[in-house]
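Working notes, structure below.
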Amino acid sequence: MTQTKAVATGLRETSRPAGDWTAGGGLLWTAVVAGLYTIVQLVFVVPGSGLGWDETVYTSQVSRAASDTAFFSAPRARGITFLIAPVTSLTSSIDVLRVYLALLSGAGLFLALWVWRRLLPASVLALAGALFAGLWITVYYGPQVMPNLWVALGCLCAVGLFLRAARDRTDRTALVGLGVAVAFVALMRPTDAFWLSAPLALIALGVRRWRRWALLAALAAGGAVGCAEWIIEAYVSYGGLFTRLARASEIQGHLGWNLVFGDHMRSLDGRLLCRPCDVRWRRPATAIWWFALPLLTLGGVLVAARLRRLPLVLVPTLVGLSMAAQYLLLIGYAAPRFLLPVYALLALPTALFLTWLVRTARPRGPVVVLLVAAAVAHLWVQGSVVGDRAERSRVDRGKFDRIAAEFARQGVTPPCVVSGTEAIRVAFRIGCASRQTGGHDGSITPSELVAVASEKPVAFVVAGQDGPPAYARDWRVERIPDLPGLRNCRVYLSPSVRAVPGAVGRGLSAHHGRPVNSPFGDGR
């Protein structure tokens, strides 16, 4: 509580300069950083990339190309679907969607930093933007249909607007903007909005009364508006709010005490999901910056204290630590995108420390050379990871294109249903509905699926040593191209699938699973 009072006391000060601190200034370099961030996405990530599994779930909710929406599990929120709806309602092109998100994320980065123009020097803002945009995670997820980057930008906006509203009672735009930013985060991920608002609410309790209630009202109103759709959907589709929360916890491995620092560290090697994370750490260099980040953040806080501007840096640091707590301590697996809000907020104290170091170092030359060399090495490593990820996405898209062609050759055309391995992505690609009889995405019973199979084409996909369920054992089985990361892929086709002349007999024997003149080799 003492720390909260100290922060609140600092917030009561006006924004007069202290020492060599000059807030504001031109934002040309910040715009340049945002522009380069967009260009890098358009050149290295967007071309030829395909939709991931989670992306397909989100996109199917609003896409004109989807014959039916994929199952929307309890932890998910619809904010990202609202964001992409203007494009997906007009075109089914993945490339257009990617370009739209790349442009929007670049503009979002600039806006999030622009909010801070009255609080931090322009040089600090430009460097903070470069540090955040220079991470492979930030670049890769810029054009992705995923909510985490947008949560990060929303948090950056919310904290900056909170500080502005707390320091200047005439800045009513900041107060309204604070509510909007919190609502935006809540719409994207309701739980993240809680971890954003909780530390801000505690800090608000220590400021002057008129500011205190205005800030708390903005936080509460923003959270309520942003979470309203998620809560209503909980009662309409999931049996109530607490039932949805319990189911969300179950899907995420039951929330509880989990120390996953090592998992997040290894995931920086380019893994989009580390669950479980018993994997070899191939490139330790990818996590060097991760170990340096706490030290650089601490340096920024100390510099801000020396310049008598501690709250402007300590508040985003505290909120960043709050956002990190749920993912480092409570969820038993790792995905590098989870910590994007943390990296966005901690980029501010890090940038302050580095700019101060360059200005005050004596002799300055060797320090500048060392920092430039470290930056070049860091960007080289990050670039290699994002390049690998983008290439994998392009390869995966090609695999699904071949699978779609084979399904059409076998007679699986809309209206149809796909179940089994990778059902969501396969179904979306060929215009079918996806249905699972169990697991986190269970949305139909086996008997219901059999009933559907008597009316329309149903395909059940298996891979490796897996076999079909009992109801599909007598269905026609055909070899299909390998799915991403899987081998020996087959599809069991219901009797309602009308065989295309020349297609039958070129896959597998229906009863023995034996290759018969397969055009895809033996799957090894």
Side-chain angles (χ1 to χ4, degrees), residues 47-57 59-60 70 94 140 269-276 278-280 282 387-413 416-437 439 441 457-469 472-473 475-494 497 499-500 502-524:
S49 61
L51 292 177
W53 188 78
D54 289 292
E55 287 188 288
T56 304
V57 175
T59 304
S60 72
I94 297 175
Y140 185 75
D269 194 16
R271 299 184 180 276
L272 303 185
L273 181 65
C274 225
R275 185 183 189 182
D278 50 351
V279 295
R280 185 168 60 91
R282 298 173 304 159
D388 290 346
R389 287 295 348 160
E391 179 59 28
R392 290 186 198 180
S393 180
R394 285 188 281 270
V395 171
D396 288 353
R397 181 173 177 175
K399 290 183 177 181
F400 280 102
D401 286 343
R402 290 191 291 274
I403 289 172
E406 179 61 16
F407 268 60
R409 195 177 73 87
Q410 295 295 343
V412 183
T413 56
C416 48
V417 174
V418 179
S419 187
T421 304
E422 279 283 9
I424 288 177
R425 285 204 280 181
V426 172
F428 182 80
R429 178 62 183 81
I430 63 179
C432 295
S434 62
R435 293 290 182 268
Q436 299 286 22
T437 59
D441 292 339
V458 174
F460 193 96
V461 182
V462 298
Q465 301 302 314
D466 294 340
R473 288 174 185 168
W475 292 0
R476 174 164 60 96
V477 57
E478 299 288 344
R479 174 66 54 81
I480 60 174
D482 287 338
L483 291 159
L486 299 171
R487 295 291 184 90
N488 190 27
C489 297
R490 294 97 64 206
V491 59
Y492 287 77
L493 304 172
S494 69
V497 177
V500 175
V504 179
R506 297 176 60 185
L508 301 179
S509 168
H511 297 287
H512 303 289
R514 178 173 52 85
V516 181
N517 191 28
S518 170
F520 305 109
D522 60 5
R524 289 180 292 182

- line: Residues passing the salt bridge (charged side-chain N to carboxylate O under 4.0 Å, His left out) test with Arg275, sequence neighbours excluded, are none
query: Should Asp401 and Arg429 count as an ion pair when the cut-off is N to O under 4.0 Å?
result: yes
Side chain Ser49, main chain Arg394, donor-acceptor under 3.5 Å: no
message: To check you understand the geometry: which heavy-atom pair defines the closest contact between Ala390 and Tyr140, and what is its length?
response: N-CE1, 4.1 Å
query: Between Phe460 and Pro469, is any pair of side-chain heavy atoms under 4.5 Å apart?
result: yes
Min side-chain heavy-atom separation Glu406-Gln410 under 4.5 Å: yes
- line: Value for CZ (Phe407) from OG1 (Thr413), rounded to nearest 0.5 Å, stands at 12.0 Å
field: Shortest non-hydrogen contact between Val418 and Val426, atoms and distance
entry: CG1-CG1, 4.1 Å
- request: Would you mind reporting whether Val462 and Val477 have side-chain heavy atoms less than 4.5 Å apart?
  value: no
query: Less than 4.5 Å apart, any side-chain heavy atom of Cys432 and any of Val417?
result: no
- request: Applying side chain to side chain contact (heavy atoms under 4.5 Å, CB included), run through Leu483 and Val461 and close with a yes or a no.
  value: CA-CA 10 Å; Leu483 291 159; Val461 182; 3.9 Å; yes
- request: Show your reasoning for whether side chain to side chain contact (heavy atoms under 4.5 Å, CB included) applies to Val497 and Trp475.
  value: CA-CA 10 Å; Val497 177; Trp475 292 0; over 6 Å; no
message: A side-chain contact here means heavy atoms from C-beta on lying under 4.5 Å apart; do Cys489 and Glu422 qualify?
response: no
field: Shortest non-hydrogen contact from Leu493 toward Ala459
entry: CD2-CB, 3.9 Å
Distance, nearest 0.5 Å, that separates CZ of Arg425 from OG of Ser434: 12.5 Å
field: Nearest heavy atoms of Arg392 and Gly270, plus distance in Å
entry: NH1-O, 4.4 Å
- prompt: Can you name the closest pair of heavy atoms from Ile424 and Ala70 and give their distance?
  reply: CG2-CB, 4.2 Å
query: Atom CZ of Arg402 and atom CZ of Arg397: how far apart are they, to the nearest 0.5 Å?
result: 13.0 Å
query: Say you draw a straight line from CH2 of Trp53 to CG of Asp396; how long is it, rounded to the nearest 0.5 Å?
result: 15.0 Å
message: Are the side chains of Arg479 and Val491 in contact, using a 4.5 Å heavy-atom criterion?
response: no
message: So, taking the atom named OG1 in Thr421 and the one named CG in Leu486, what distance separates them when rounded to the nearest 0.5 Å?
response: 6.5 Å
query: Can you list the residues that meet the salt bridge (charged side-chain N to carboxylate O under 4.0 Å, His left out) rule with Asp466, with sequence neighbours excluded?
result: none
Interatomic spacing from CD1 in Ile403 to CD1 in Ile430 - rounded to 0.5 Å: 9.5 Å
message: For Arg389, give me all partners under salt bridge (charged side-chain N to carboxylate O under 4.0 Å, His left out), at least two apart in sequence or on another chain.
response: none
message: To check you understand the geometry: which heavy-atom pair defines the closest contact between Ser60 and Val57, and what is its length?
response: OG-O, 2.9 Å
Side chains of Glu478 and Tyr492 in contact at under 4.5 Å (non-hydrogen atoms): no
